[in-house]
Amino acid sequence: MTVSAFPIYSFEFSRAAQVRVEYIDEGGKRQTLEAKGDLSELLQHEIDHLDGILAVQRAISPRAFSTRAEWMNLERR
């Protein structure tokens with residue numbers, strides 16, 4: 001489970017723990033990259049951008065949203 005924090009809102013969303021990305025490099029050669037952890041999350045985020053998907057569209061449910069102030073209050077408890 002990942003939490004994204006925009007300036008005003010926060011929300012929870014889910015991402016795969018690891019990914020395999022196939023791409024064509026600058027020389028035209030097909031490549032494969034396997035990633036875990038932070039790099040996996042970053043790649044999924046950037047691929048979503050390329051596909052026109054906003055992070056908020058990945059929220060786990062409508063109840064997963066809160067204001068940043070609400071989120072900070074929960075974290076302090």
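Taking each heavy atom of Ser40 and Ala16 in turn, the nearest pair found is OG-O, 3.3 Å. Contact record, His45 with Arg15: CA-NH2, 3.6 Å, taken as the closest heavy-atom pair. The shortest heavy-atom contact between Ser14 and Ile60 is N-CG2, 3.7 Å.
In this structure, the separation between CD on Gln44 and CZ on Phe13 is 9.0 Å, given to the nearest 0.5 Å.
With sequence neighbours left out, Asp38 forms a side-chain hydrogen bond (donor to acceptor under 3.5 Å, both in side chains) with no residue at all. Under the rule for a side-chain hydrogen bond (donor to acceptor under 3.5 Å, both in side chains), Gln57 has no partner lying at least two apart in sequence or in another chain. Residues satisfying the salt bridge (charged side-chain N to carboxylate O under 4.0 Å, His left out) test with Glu34, not counting sequence neighbours, are Arg20.
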Worked check of side chain to side chain contact (heavy atoms under 4.5 Å, CB included) between Gln31 and Glu22: CA-CA 6 Å; Gln31 301 284 341; Glu22 295 180 359; over 6 Å; no
Verdict with reasoning, Leu43 to Leu33, per side chain to side chain contact (heavy atoms under 4.5 Å, CB included): CA-CA 10 Å; Leu43 288 170; Leu33 172 68; 3.9 Å; yes
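Placement of Leu39 and Tyr23 within a single hydrophobic cluster is found when ILVMFWY residues are connected by side-chain heavy-atom separations under 4.5 Å, directly or transitively.
When atom types are taken as modelled, the side chain of Asp51 and the backbone of Ile53 share no donor-acceptor pair closer than 3.5 angstrom.
Considering only heavy atoms from C-beta on, Leu54 stays 4.5 Å or farther from Asp48 through its side chain. Side-chain contact check for Val21 versus Glu46: every heavy-atom pair is 4.5 Å or farther apart.
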